[in-house]
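The model shown is predicted, which means the values in this text are computed figures rather than measured ones. Here is how names work: the chains are called A, B, and so on, in the same order as the sequence lines, proteins then strands, and each is numbered from 1.
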Amino acid sequence: MMKRRAKRISEWIIERLIQVSGVLGIILVLLIFFFLLRNSLPMFQERSLSDLLLGEKWSPTHGDGHFGMLPLLLGSLYVTVGALIIAIPLALAVAIFVAEIAPRWMREFLKPAIELIAAIPSVVFGFLGLLVIGPWIAEHVEAIRVGQFAALGSVMLAFMALPTIVSICEDALHNVPRDIFNSSLALGATRWQTITRALLPAARSGIIAGCLLGLGRAIGETMTVLMVTGNAQVMPQGLEGFLKPIRTMTATIAAEMGETAVGSTHFHALFTIGLFLFIITFAVNTIADVIVRRSEKDIA
Amino acid sequence: MSSERGYLVDPRVTEKVAFALLWVAMVVVMLPMAGIIGYMLYRGASSLNWELISAADGGLYPAIIGTTFLVLLTALVAAPIGVGAAIYLSEYARPGPLVRLVRLAIINLAGVPSVVYGLFGLAAFVILVGWGRSLLAGACTLALLVLPLVISTAEEALRQIPKGLREGSLALGASKWQTIRRVVLPNALPGIITGLILSIARAAGETAPILFTVAYFRLSDPIPNSIFDPIVAMPYQLFVMATEMPEIPDETKWATAFVLVALVLGLNIVATIVRTTLRRRRW
Amino acid sequence: PPQQSADGVIVEPPIDDAAQGAGASGAINQIGSTTVLPIAEAWQRAFTSAHPEIKINVSGGGSGTGIKSLADGTAHIANASRGIKDQEIQDAQARGVEPVEHVVAYDGIAAVVHPSVGVDTLSIEQLSDIYSGEVTNWSQIGGADSEIIVVSRDSASGTYESWKEMVIQQGGEAEDRDYTPAALKQQSNEGIRSTVAGTPGAIGYIGLGYINDSVKVLSVSPLGGGDAVVPSVESVQSGDYPVARELYMYTNGEPTGAIATYFEWGLSEEGQKIVQEAGFVPVN
Amino acid sequence: MQDSSTDTAAGNTSDSGTRQYDEDRAFLNAPVDADRSAEQSIADHAVKIQTTDLNIYYGDFHAIKGINSRIRSNEITALIGPSGCGKSTYLRALNRMNDEIADTRTEGDVLLDGVDIYQPGTDLVTLRRRVGQVFQQPNPFPMSIYDNVAYGPRLQRRLSRAEADEIVERSLRGAALWDEVKDGLRKSAMDLSGGQQQRLCIARCLAVDSEVLLMDEPCSALDPTATFRIEELMIELKERMAIVIVTHNMYQASRVSDRTGFFLLGELIEFDDTPRIFEHPQDERTDAYVRGRFG
Amino acid sequence: MQDSSTDTAAGNTSDSGTRQYDEDRAFLNAPVDADRSAEQSIADHAVKIQTTDLNIYYGDFHAIKGINSRIRSNEITALIGPSGCGKSTYLRALNRMNDEIADTRTEGDVLLDGVDIYQPGTDLVTLRRRVGQVFQQPNPFPMSIYDNVAYGPRLQRRLSRAEADEIVERSLRGAALWDEVKDGLRKSAMDLSGGQQQRLCIARCLAVDSEVLLMDEPCSALDPTATFRIEELMIELKERMAIVIVTHNMYQASRVSDRTGFFLLGELIEFDDTPRIFEHPQDERTDAYVRGRFG
Ligand SMILES: Nc1ncnc2c1ncn2[C@@H]1O[C@H](COP(=O)(O)OP(=O)(O)OP(=O)(O)O)[C@@H](O)[C@H]1O
Ligand SMILES: Nc1ncnc2c1ncn2[C@@H]1O[C@H](COP(=O)(O)OP(=O)(O)OP(=O)(O)O)[C@@H](O)[C@H]1O
Ligand SMILES: [Mg+2]
Ligand SMILES: [Mg+2]
């Protein structure tokens with residue numbers, strides 16, 4: 001009797017622990033947010049939000065420090081948009097290829113191969129960009145004098161985001177009921193017509209979600225951009241900006257955190273960048289999740 | 001009659017062109033990818049020799065040791081929490097706003113940039129808790145980073161266990177926890193382990209989160225004596241070599257990159273094999 | 001005697017009298033400037049082979065990281081290529097740490113350009129113009145018509161600060177001047193050297209020890225005019241070369257025990273010889 | 001555009017339809033069966049599809065075993081048989097939808113208007129336009145009702161607005177769905193009820209003027225009312241096409257079909273006029289099956 | 001350990017079983033039904049389970065509608081009815097397995113030996129040990145045969161080797177599986193045939209001495225021989241427990257059961273002695289269903 005009661009109590013404890021770890025996810029998100037906020041609040045006391053977001057000069061150690069984050073925001077935007085412009089069409093093409101066109105043996109090889117690419121550490125991409133690709137481009141392309149520029153970051157990021165987008169889009173295509181594919185064929189559509197007119201519309205939400213998650217991945221990527229984009233905190237100008245060095249938010253944190261004194265304005269400024277990054281990716285991921293959920297409902 | 005076909009090009013021709021373009025896209029993606037990875041493997045493998053690996057000073061040995069300790073401790077921290085959360089989600093949680101919120105949180109955790117994890121680890125573990133740059137601080141930071149991965153793979157493994165087994169156990173008078181411990185968990189173990197291997201691979205390759213929390217460049221004694229020691233980690237080593245260290249020969253850099261990639265890809269391949277061989281079980 | 005370390009673990013220091021000798025594992029953690037890193041590394045190698053009982057861990061990360069780690073007790077020695085800031089001293093003192101400065105070497109910072117640049121000599125003022133973005137074409141200062149590509153260290157380095165103070169702000173003459181935002185940022189001397197070497201029209205600055213044939217070294221004339229001086233160990237030691245600075249290591253209070261032994265050795269002839277081999281200028 | 005169009009639409013279809021077929025057949029790399037039009041004008045119940053020694057394999061599994069059969073125009077042919085006997089496989093052989101399943105092998109001939117659809121070079125696109133299929137689960141595309149119906153014709157050519165309107169209305173009327181949806185053509189097809197979705201799928205087939213309609217258990221997901229509507233529809237539609245329906249519901253088979261085929265383990269045991277199959281089957285296995293289900 | 005144990009085992013079970021129950025009932029927060037043992041000794045066919053106005057909802061869906069029924073000891077009760085009528089739901093209400101499904105709501109009473117199992121504080125573990133269940137798909141745990149059988153008892157207490165051996169043998173004999181598996185008790189249960197697996201699942205229930213055995217279409221996955229073995233077994237087992245079986249097979253229901261309940265759309269239309277249900281049903285719906293299936 002006693003033994004049984006002891007067992008009950010230990011079970012009760014275990015089940016409580018499981019519940020706690022279940023909701024730990026929520027707690028963690030809040031904790032991260034809290035720590036970022038706590039460490040960036042002093043920044044907001046010193047500078048107004050518009051100074052931070054719209055200021056065009058980032059030079060934390062000059063005088064009182066200039067903490068305009070616009071160049072960094074634009075830097076992230078350039079690199080990310082560039083990456084998506086490259087990655088999305090290619091990823092869609094690859095997803096369609098893998099889902100509908102590749103012969104079976106090839107599909108069975110391609111899917112894991114693409115997943116493996118996703119596993120390669122970003123520092124390795126940065127290493128390759130810095131040591132091999134960048135110098136090669138600077139040497140062979142007339143318009144580019146320094147092998148560290150925004151578009152190189154975009155290309156590297158595109159390849160890194162590609163697997164994420166491919167695998168989600170491929171799933172989305174794959175989850176479209178086979179009947180829809182077949183009934184389109186039965187109406188006399190070619191396979192390509194079926195893909196573009198029936199399959200893609202049906203998989204639309206999944207595809208959009210995949211692109212959003214790719215976007216999240218690209219914005220948050222750190223080591224690669226730190227190593228290959230040259231890190232000049234300029235305001236990028238027009239299309240030419242892609243061929244010039246640029247500095248992203250993530251790279252700024254990684255490069256400068258080592259220099260700052262704990263508790264200095266600069267330290268808080270870097271946390272503020274982290275806070276903005278967190279908010280941006282939170283929004284992107286939440287939207288993507290809502291869309292995925294809607295697409296699951298659509299298909300069901 | 002031909003006017004009835006309002007399309008300039010026969011759809012069959014369009015199809016051929018489109019498919020050809022898809023093949024081209026495929027090649028455009030895969031070829032440079034394969035090329036550059038191949039080049040790296042070639043450079044790395046040809047630079048690699050036993051001396052380079054085993055040398056405590058200037059070799060890869062400290063980084064290999066450090067990364068090993070780091071990822072093992074990471075898995076140790078992440079596993080109970082992650083598996084616990086997965087058990088909660090698959091066995092206890094009833095659908096509702098709370099679960100919805102938990103899932104949203106996990107999805108967002110998966111999307112938080114790794115450098116932000118680094119900031120969090122710096123603020124929370126290094127400074128606030130006062131662990132300093134240490135194995136423990138780094139492992140905790142990485143554990144948070146891989147937590148969503150552990151949770152989702154473990155949950156998937158748990159969901160693969162047929163409902164019939166749970167009901168069979170419950171109908172024999174097992175409590176919920178007994179059912180989980182004796183029937184569900186043992187059978188989900190391979191899937192859970194797969195997830196842990198993938199998490200280890202991920203943790204092994206991450207640089208940004210350990211930048212401020214654990215990594216050192218050169219240690220007299222690469223084997224940490226306690227979890228409060230700093231360690232040398234391979235991705236950080238590679239980063240420093242590429243950007244900060246002048247005199248290190250290219251061979252060492254390539255070899256480091258090679259070992260890192262081989263380690264990460266190797267773990268992934270092992271995980272895939274574990275998953276595919278163990279998935280073929282009959283219930 | 002047993003000692004309570006920051007994390008509350010009782011540890012037995014490996015060396016007698018090591019009042020502030022070590023972390024939990026009994027090793028000396030040394031962290032900070034990447035400029036000082038080669039010295040620290042070379043010292044570590046030589047010193048630990050002579051004193052195998054003393055463990056030293058060395059890492060880069062930047063001057064700020066080093067001082068921060070000293071303040072929070074996780075490093076015993078902070079390497080810095082710039083002087084400690086007031087804010088940092090306050091922060092350390094608030095945590096009961098009293099930073100003590102040790103000059104371990106001198107360093108000359110050389111301006112280097114791509115070999116194709118037709119300019120051999122620049123004044124501090126001219127360098128200042130270039131780095132603050134006033135001058136953007138070599139033709140403006142007597143070179144060929146070619147855009148100047150400015151390369152600098154990243155702001156996580158003491159060298160970045162030193163160059164700004166001594167060159168861009170002309171030692172205080174032009175306090176409001178700052179780096180042009182267009183400057184390419186590199187994580188290391190080597191990064192600057194290879195970027196400059198590979199980019200026609202580029203200019204950068206690197207420590208004396210990093211000079212090699214791939215780049216052209218400029219002679220620099222001091223503020224207010226005077227003869228241009230080629231950077232070298234001698235010209236730095238003699239004080240003729242205008243862009244030179246001290247390299248520091250900081251400890252918590254006056255060093256004792258193992259750390260004292262380490263400094264004694266490092267500042268001895270043997271240690272300073274290693275400094276010179278690493279491409280820096282010895283203090284004596 | 002008004003009510004009268006139901007009749008004219010039906011009239012139009014069979015006229016223009018015939019012309020259309022001849023043209024399309026040019027895509028089948030085979031000589032046109034010269035006799036056909038003469039033949040068709042003589043007998044309403046001309047053979048539309050004929051299979052000779054049809055064998056189908058899934059890998060090693062022999063699913064369809066030497067089937068000889070004739071499907072006639074203007075008739076409804078019902079296929080019955082226990083689960084797994086090969087009804088769906090046979091049906092899909094008639095418009096080569098089996099090609100979409102990896103690892104299938106088909107032997108023997110399937111003649112559509114006398115031309116073998118399995119000969120190399122056959123254009124699947126044209127074939128499937130002529131032999132339409134309605135699936136077991138209603139499967140509208142996730143787009144508007146209008147776009148669903150216009151989908152097929154638009155595959156061929158760019159439609160003017162007026163043309164598309166006309167086709168959509170005609171097809172929806174033909175599928176007895178027009179009155180229910182005419183006020184919400186832009187609504188998503190996913191919001192229709194099951195029965196409405198199934199009729200929409202039929203309308204989709206009508207819009208491409210197919211000559212044969214294959215229906216694989218089209219009513220299994222539907223309630224009795226919806227089933228009844230679709231049975232009515234089939235009887236209406238057979239005036240202008242051949243219909244083949246797979247069903248598990250004996251009542252349905254006996255209600256709507258003119259001829260019935262009984263499949264067992266991949267063989268076509270008996271294929272005859274519906275009343276004979278249900279009242280005086282020749283084969284005892286047919287007898288057992290048909291009785292078992294009737295009770 | 002030898003042959004003789006079949007008899008003794010059966011004897012033991014009912015003895016020690018009774019004692020065990022009293023103890024366990026302490027966990028049901030309810031007064032022990034004082035009359036029970038007296039009652040049981042008088043009437044072999046005592047009411048074991050009684051439901052009063054049982055209503056079950058899946059969310060908004062009303063799956064079980066006001067069912068009043070009695071399940072008696074030492075009888076086999078068969079539940080029949082068309083698919084989706086609520087048989088499984090009713091069955092699962094008897095050991096509260098519905099609790100495992102999110103979003104269910106149960107109203108009304110279910111009395112087990114006179115005690116309401118739905119009253120708050122009821123101990124599910126004890127309840128389910130008393131009311132065992134065998135599922136449609138045999139679901140042995142992926143462990144050895146031996147461990148499968150010992151699983152239930154081991155949940156309660158640590159068994160000595162000898163005890164475990166004894167329970168395993170007794171249960172396997174009880175489930176008529178002993179002879180087939182006695183030489184390979186350490187083999188994985190997954191390697192048994194479907195029929196053997198199903199009997200193993202029954203043995204698992206016997207090992208925990210359950211008083212009621214719920215079987216939800218236990219033979220639907222089995223071939224005729226295995227089905228026959230299990231029917232034999234049920235008839236043997238009813239000597240010491242109440243058995244409730246859901247089946248789609250009318251022959252099976254009429255062969256093995258003493259009483260039969262006919263469900264339709266969540267209602268219990270008729271519940272009577274089996275011969276009456278199949279020969280003279282009172283309700284015409286029962287009649288139609290029973291005849292339809294017999295043919
Ligand atoms: N893709 C496939 N691969 C392998 N075997 C298949 C495949 N599809 C069907 N079969 C097998 O071929 C046989 C005939 O299948 P088919 O779908 O034609 O049966 P059916 O008569 O339509 O049955 P139902 O009434 O259940 O729909 C079955 O035994 C089935 O198991
Ligand atoms: N988890 C559930 N959620 C919602 N509705 C359910 C659930 N399980 C069953 N139902 C519904 O409750 C009704 C009764 O289901 P139940 O499983 O009891 O039927 P059954 O008589 O056992 O049928 P079968 O003979 O097919 O097993 C059905 O209409 C079913 O759709
Ligand atoms: Mg079928
Ligand atoms: Mg059921």
Side-chain angles (χ1 to χ4, degrees), chain B residues 85-103 154-194 274-283, chain E residues 24 27 59 88 91-92 94-104 123-143 147-156 188-192 197 200-201 203-210 212-216 221:
Chain B
I87 292 176
Y88 171 76
L89 285 175
S90 94
E91 310 292 324
Y92 286 92
R94 303 244 148 158
L98 180 67
V99 170
R100 184 78 191 80
L101 217 57
V102 171
R103 294 199 185 281
E155 196 192 343
E156 200 195 316
L158 292 171
R159 289 199 186 279
Q160 305 253 319
I161 309 294
K163 213 159 168 272
L165 287 187
R166 292 184 179 88
E167 294 194 330
S169 172
L170 290 173
L172 289 172
S175 67
K176 194 154 193 150
W177 172 245
Q178 281 175 322
T179 300
I180 292 168
R181 215 199 57 201
R182 292 173 185 241
V183 176
V184 178
L185 273 185
N187 290 296
L189 210 54
I192 293 173
I193 288 174
T194 307
V274 169
R275 182 165 48 194
T276 46
T277 51
L278 292 173
R279 201 178 261 174
R280 284 196 215 103
R281 63 161 65 221
R282 330 136 283 166
W283 295 108
Chain E
D24 285 343
F27 280 95
S88 301
L91 199 71
R92 294 159 61 96
L94 304 185
N95 64 348
R96 292 188 58 174
M97 286 299 281
N98 281 330
D99 291 23
E100 302 305 318
I101 299 172
D103 229 26
T104 55
D123 182 63
L124 292 184
V125 168
T126 311
L127 168 67
R128 289 176 183 157
R129 217 151 61 230
R130 296 177 59 194
V131 184
Q133 184 166 7
V134 173
F135 297 81
Q136 178 169 4
Q137 291 292 331
N139 55 355
F141 305 127
M143 43 179 95
D147 289 338
N148 259 280
V149 181
Y151 182 92
R154 279 182 183 153
L155 294 170
Q156 259 54 63
S188 165
M190 308 308 280
D191 294 339
L192 296 176
Q197 289 189 354
L200 177 63
C201 293
R204 268 190 336 205
C205 287
L206 299 184
V208 293
D209 284 332
S210 51
V212 181
L213 195 56
L214 309 176
M215 305 174 101
D216 195 347

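- From B:N187, atom CG reaches atom CD of B:Q160 across 11.5 Å, with rounding to the nearest 0.5 Å.
- Within the 4.5 angstrom heavy-atom criterion, no atom of E:D147 approaches chain B.
- Contacts between E:R154 and chain B at a heavy-atom distance below 4.5 Å involve backbone atoms as well as side-chain atoms.
- Contact annotation for E:V134: neither backbone nor side-chain heavy atoms come within less than 4.5 Å of a heavy atom of chain B.
- Geometric assessment of E:R204 against the ring of E:F141 yields a positive cation-pi assignment under the 6.0 Å and 45° thresholds.
- With values rounded to the nearest 0.5 angstrom, E:Y151 atom OH is found 6.5 Å from B:R182 atom CZ.
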Should B:R166 and E:E100 be marked as a salt bridge (Lys or Arg N to Asp or Glu O under 4.0 Å) after you check the CA-CA gap, both sets of side-chain angles, and the distance that decides it?
-> CA-CA 10 Å; B:R166 292 184 179 88; E:E100 302 305 318; over 6 Å; no

